[in-house]
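Report on the following structure.
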Amino acid sequence: MKIEMFQKIRLKSGKVGRVVEIFNEGEAYMVDLMSDDGEYEQKTIHPPDIKSIVVEIDKPFTSTA
């Protein structure tokens with residue numbers, strides 16, 4: 001499966017991040033990762049570092065107010 005810009009991924013370390021740059025057609029990725037203190041860090045990762053791609057589901061919202 002091809003990883004696209006801004007996709008959410010889970011690393012083998014358990015951290016979750018969002019792809020912000022793709023290098024050489026997928027040889028490496030720059031990812032924004034949330035650290036334990038709530039701050040973001042950017043890290044370059046490689047395909048063997050990736051455990052899975054996170055798929056989000058869009059659900060309709062209705063307000064009772």
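Computation of the quantities below employed the complete heavy-atom set of this structure, encompassing side-chain atoms and omitting hydrogens, waters and symmetry-equivalent molecules.
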Exercise for review: Rounded to the nearest 0.5 Å, what's the gap from NZ on Lys51 to CD1 on Ile9? Could you check?
Suggested key: 13.0 Å
**Study point:** NZ-OG distance between Lys8 and Ser52, expressed to the nearest 0.5 angstrom
**Key:** 11.0 Å
Point to revise | Set of side chain to side chain donor-acceptor pair (under 3.5 Å) partners for Asp37, sequence neighbours left out | key: Ser35
Check your understanding: side chain to side chain donor-acceptor pair (under 3.5 Å) with Glu41: which residues, sequence neighbours excluded?
Key -> Lys15
Check your understanding: Can you list the residues that meet the salt bridge (charged side-chain N to carboxylate O under 4.0 Å, His left out) rule with Arg10, with sequence neighbours excluded?
Key -> none
**Study point:** Where Gly26 and Pro47 come nearest, the two heavy atoms and their spacing
**Key:** O-CG, 3.3 Å
Review point. Is a side-chain N or O of Lys43 found less than 3.5 angstrom from the main chain of Asp32, in a donor-acceptor match?
Key: no
Review point. Do Ile45 and Phe6 sit in the same hydrophobic cluster, where Ile, Leu, Val, Met, Phe, Trp and Tyr count as joined when their side-chain heavy atoms come under 4.5 Å apart?
Key: yes
Review point. Other than Met34, which residues form its hydrophobic cluster under the rule that side-chain heavy atoms must be closer than 4.5 Å?
Key: Tyr40
**Study point:** Connected-component partners of Phe23 among ILVMFWY, side-chain separation under 4.5 Å
**Key:** Val20, Met30
Exercise for review: Look at the side-chain heavy atoms of Ile, Leu, Val, Met, Phe, Trp and Tyr, link any pair under 4.5 Å apart, and say whether Val31 and Val16 land in one connected group.
Suggested key: no
Review point. In Å and rounded to the nearest 0.5 Å, what is the CD to CD1 distance from Glu4 to Ile53?
Key: 9.0 Å
Check your understanding: So, for Thr44 and Ala28, which heavy atoms are closest and what is the spacing to 0.1 Å?
Key -> CG2-CB, 4.1 Å
Revision key, fill the gap. dist Met5:CE -> Gln7:CD (nearest 0.5 Å) comes out at 10.5 Å
Review point. Who passes side-chain contact (heavy atoms from CB on, under 4.5 Å) against Thr62, sequence neighbours left out?
Key: none
**Study point:** Nearest-0.5 Å distance, CG of residue Leu11 to OH of residue Tyr29
**Key:** 12.0 Å
